[in-house]
Amino acid sequence: MDGRKDDIVIIGAGIVGTAIAAILSEGGHKVLVIDRQGICEGTSSGNAGALAFSDILPMASKGVLAKVPRWLRDPLGPFTIRPGYLPKLAPWLYRFWRASRPAAQIHTIEAQGAMMRLAEPEMLGLMERAGIRHMVREDGSLELYESEEELNSALPGWTARKKAGIAFEHLRGDDLAECQPGLARRFVAGTFVPGWKTVSDPLHVGKGLWAYAERLGARYRQAEVVTVTSTAEGVAIGLANGETINTGKLVIAGGAWSHRLAKQFGDGIPLETERGYNTTLPKDAFTLKRQLIFSGHGFVVTPLETGLRIGGAVELGGLDLPPNYARSEAMLTKAKLFMPGLETAGGRQWMGYRPSLPDSLPVIGYARASKNVLYAFGHGHLGLTQAAATGRLISELIDGRTPSIAIEAFHPQRF
């Protein structure tokens, strides 16, 4: 590729990079996307499929810190750290602790709320223009509690959502049973969020958005990027095969691997990897009316057109350690306990790498060393939800327009 100043290369063909490519292509830009796997073939293919526009609470605010000691004693629990990885993780955990302070949480919730108000119309609008709006399910979600004490501990979070204009209803008894039949009697209450949406299958959504971007002229190259360097004309991208691609503008949207490239531009971004696990069962494994959220156990169950996906949990273990699929099996065992009629045979196991920052906010903005390089990564569990909003913000920055929302909270150098 002979680089011109108006060429834009995006590193990363996950859902965020794909949405950015589509929106930039809509604006008439010449776009090349590079990824070593394929369009949405990595973490974006196996997520829980939620368009979680009401999920404005940072991970640090969800009572996680109080639960961590108990969870860490359970190697298959909702939150675990590989023991040998703990020394490397210590700086991230310190920042995570700082993000749990009340003032920091208020700042994060405000920023996340603004992002979500942009995310919903942008994602639904992009899917409409791409011809895949029919892939959205608008059944709401149901978060479940095993005791009144557990519900009460969640109430501050629901109060914060109420202030942000998010509708919900606490259910008990017959109302709870009607919202989702077949639950174990251990669940005494639940919170129904009518505005929560899911998709028919996240991989299909990613492929559909890419087909739209491709119709608008976007191109894809399967390759591994090893170096990125500023040049007088823009950026030089070094591939593993020894080839160099020159471009006028570079967007780094490589998910959990992005911080390795950002470091080459002088930005030390504390990105960690939440290794997420799931099992996708056949569609007829259980009659599920909507996504169920078992927050006390760190996983969800989602009805997809391709099966019933049971997944979640957080394992902080970096990019290099092998998977521990016993975590998938532990969630499946719990799901059978919580939904006694669940058929657990015939499942497909999976692991993916969520790019997680300690304050639960993504990085969106310019590299320290170059105005020709932009970052768009670190969305944690919300990549699918915030992909189109991120694409809109990146396009506005590239075009020299005022961003649709204030982006200071997402500044790459905030750490």
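Model, not experiment: these values are computed from the prediction.
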| field | salt bridge (Lys or Arg N to Asp or Glu O under 4.0 Å) against Asp359, all qualifying residues, sequence neighbours excluded | value | Arg414
| said: So that I can tick it off, tell me whether Glu214 and Arg219 are bridged by a salt bridge, with the cut-off set at under 4.0 angstrom between side-chain N and carboxylate O. | reply: no
| field | Test salt bridge (Lys or Arg N to Asp or Glu O under 4.0 Å) applied to Lys207 - qualifying residues, sequence neighbours left out | value | Glu41
| query | With under 30° as parallel and over 60° as perpendicular, where do the rings of Phe168 and His170 fit, or are they tilted in between? | reply | tilted
| Excluding sequence neighbours, so at least two apart, what forms ring-ring contact (aromatic ring centres under 6.0 Å, His included) with Tyr375? | Phe377
| Phe187: partners by ring-ring contact (aromatic ring centres under 6.0 Å, His included), with sequence neighbours left out | Phe294, Phe338
| request: Sequence neighbours left out, what passes ring-ring contact (aromatic ring centres under 6.0 Å, His included) with Phe415? Give chain and number order. | output: none
| task | Just jot down the ring-ring contact (aromatic ring centres under 6.0 Å, His included) partners of Trp350, sequence neighbours excluded, or say none. | result | none
| Taking only residues two or more places apart in sequence or in another chain, which ones pass salt bridge (Lys or Arg N to Asp or Glu O under 4.0 Å) with Arg133? | Glu138
| message | Using the salt bridge (Lys or Arg N to Asp or Glu O under 4.0 Å) criterion, which residues pair with Glu26? Sequence neighbours excluded. | response | Arg129
Side-chain donor-acceptor contacts of residues 9-24 below 3.5 Å, not counting sequence neighbours, with atom names and distances?
unit_1	atom_1	unit_2	atom_2	d
Thr18	OG1	Ala13	O	3.3
Thr18	OG1	Gly14	O	2.8

| request: List the steps, then state whether salt bridge (charged side-chain N to carboxylate O under 4.0 Å, His left out) holds for Arg172 with Glu148. | output: CA-CA 10 Å; Arg172 294 175 177 80; Glu148 290 294 337; 3.0 Å; yes
| task | Indicate yes or no: does Arg36 engage Glu224 in a salt bridge with an N to O separation below 4.0 Å. | result | no
| task | Please list all pairs passing the salt bridge (Lys or Arg N to Asp or Glu O under 4.0 Å) test where one or both residues lie in residues 361-380, with sequence neighbours left out. | result | Asp267-Arg368
| Selection residues 388-398 - residue pairs positive for salt bridge (Lys or Arg N to Asp or Glu O under 4.0 Å), sequence neighbours left out | Glu122-Arg392
| message | Does anything in residues 378-391 form a salt bridge (Lys or Arg N to Asp or Glu O under 4.0 Å)? List the pairs, not counting sequence neighbours. | response | none
| said: Using modelled atom types and a 3.5 Å cut-off, is there a donor and acceptor pairing between side-chain atoms of Thr247 and backbone atoms of Lys249? | reply: yes
